[in-house]
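First comes the structure, then the notes that go with it.
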Amino acid sequence: MTRLINALSALTLLAITILSASCHRIEEYADDPQGNFEALWTIIDEHYCFLDEKGIDWDAVHDTYARRIGPEMTREELFIVCADMLDELKDGHVNLSAPFNTSYYRKWWSDYPQNFSERLIEESYFNFNYRQTGGMKFGILSENIGYIYYSSFSNPVGEGNLDNVLYFLKNTQGLIIDVRDNGGGNLTNVETLVSRFITRPTVVGYISHKTGPGHNDFSEPFEIEYKPAAEGRIRWGKPVIVLANRSTFSAANNFVSVMKLLPGVRVVGATTGGGSGMPYSSELPCGWSVRFSACSMLDAERRSTEYGVEPTEGCAVDMNPLEALSGKDSILEFAIALLQQAG
C-alpha cells in the first residue's frame, strides 16, 4: 500500500497547494432552502469526478430541481428535493445525511438479481461446519476445492490470518474467493489479500483527483503498485476463481478488477456494482453532510470501473432459483466445474 499512500499524500499536498494559491472565490450561501440547494449543487459541480464521464448535464439538472425550491418549504421537503437531485448521479457513493434521514441511491443493485445466499452455502455446502477468522469464512468443498467467503473489506484481515487460511487450504486443487454482497471497505485490506497472489511488484491501477472546479480538471493519473507478500508468508500459485454479483461494490469492485487481470484468475458470476470513485465529504450551511466521489480510480489498463467489472469471458452466470430451492448455488457450481476441468 506504500505507493498508494504516497500517491494519496501527493494528491493531498497538491490539493492544498492549489487551494492556497487559487484566486477562485469561495461562495458563501445562506442557511435557507435556496442557499442550501445552491451550495449542494455547486459542491457537486466543482468536485464530483464523474459528471462528464457519465454524460450528465449538471446545469440542466440545476434548472429542473431549482423549480421545486421555495422559501417556505420545510427541512424534510428540502431534503427530498436535494436527494432526488443527487440520484441523477446514479452513484452508490453519494449520500446526503441529515439528523432525520440519509439519502442513498439503491438502483445500482436493487434492479438486478441478488445472485447470492450466504445461508445456502453455509447449510448446503458446509452443513454449518466451516472455519472463521479475520472476517473470512472458509473451508474445503467436497470436490477438494478451497473456498473463502469475505463479506466486507471493512473487516481487517491480518497476515497471520491469511497464512493460517491458505495453509489449511494448501492441498486443495484450486481456490474460490467469494466476494458477492461485499459492499467494500478499506483498500488496505484489498492489497493485503492481493499480495498473496502476485510474485512481483505489480501496477494494479491508477488514481487521479480534481485540480480545479472544471469538470475536466484532473491531475495526471498516479500509479498504484502492490508488492507480493513478504518472504516467509504463504502465497497461492494454484488456479483461483473470484465470485462476484451486482452487490460487489467499491473496494470489493476494485479487488475484482485487480484479480481479473492476474494470470490464473477468472471472475465468475455477474458484473459488479462499480463504485470506483474514492469518496469525500463536505457540509451544507444547515450542517447536513454530503458524501460524493471525488477521485477517479482506473484499472491497470487505465479503464474506468465505475460501471462495474464484467466476469471473465464465458463466465457470466446467474443463480438458478429452482436449483437454489434444492440447495444448489449455480454460480458456485459453475466455478467448481471450471476448477475441476483445470485440474
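Remember, it's a predicted structure, so these values are computed and weren't measured experimentally.
- For Y48 and H215, the distance between ring centers is not under 6.0 angstrom.
- E76 CD: more than 12 foreign heavy atoms inside a 6.0 Å radius.
- Under the 3.5 Å distance criterion, with hydrogens and angles disregarded, a donor-acceptor pair is assigned to the side chains of N161 and T133.
- A donor-acceptor contact closer than 3.5 angstrom links the side chains of S304 and E53.
- Looking at S293 and D91, their side chains do bring a donor and an acceptor atom within 3.5 Å of each other.
- By the 6.0 Å contact criterion, CD on Q114 is enclosed, its count of non-hydrogen atoms from other residues, nucleotides or ligands being greater than 12.
- One side chain, Y29 or T42, offers a donor N or O that lies under 3.5 Å from an acceptor on the other.
- The distance from atom CG of N254 to atom CE of M259, rounded to the nearest 0.5 Å, is 12.0 Å.
- Separation of the H93 and Y105 ring centroids does not fall under the 6.0 Å cut-off.
- Of the N and O atoms on the side chains of N95 and S97, not one donor lies less than 3.5 Å from an acceptor on the other residue.
- In this structure, R180 forms no cation-pi arrangement with F116, as its terminal cationic atom is not both closer than 6.0 Å to the ring centre and no more than 45° off the ring axis.
- Atom CG of D329 is separated from atom CD1 of I121 by 4.5 Å, given to the nearest 0.5 angstrom.
- One finds a salt bridge joining E159 and R196 here, because a Lys/Arg side-chain nitrogen approaches an Asp/Glu carboxylate oxygen to under 4.0 Å.
- Salt bridge E122/K137: present, at least one basic N to carboxylate O contact under 4.0 Å.
- Cation-pi geometry between K107 and W109 is not met: the NZ or CZ atom fails to fall both under 6.0 Å from the ring centre and inside 45° of the normal.
- Taking a cutoff of 4.0 Å between a charged side-chain nitrogen and a carboxylate oxygen, D31 and R75 qualify as a salt bridge.
- Annotation for K328: atom NZ does not count as buried by contact number, only 12 or fewer foreign heavy atoms lying within 6.0 Å.
- Using the six-membered ring where Trp is involved, F100 and W288 have ring planes that are perpendicular, over 60° apart on the 30 and 60° scheme.
- Side-chain polar atoms of T305 and N253 form a donor-acceptor pair below 3.5 angstrom.
- Ion pairing between R246 and D181 fails under the 4.0 Å rule for side-chain N and carboxylate O.
- The side-chain contact (heavy atoms from CB on, under 4.5 Å) test with E88 is passed by exactly one of V94, V61, I44: V61.
- No donor-acceptor pair closer than 3.5 Å links the side chain of S195 to the backbone N or O of K227.
- A centroid separation of 6.0 Å or more is found between the aromatic rings of F138 and Y149.
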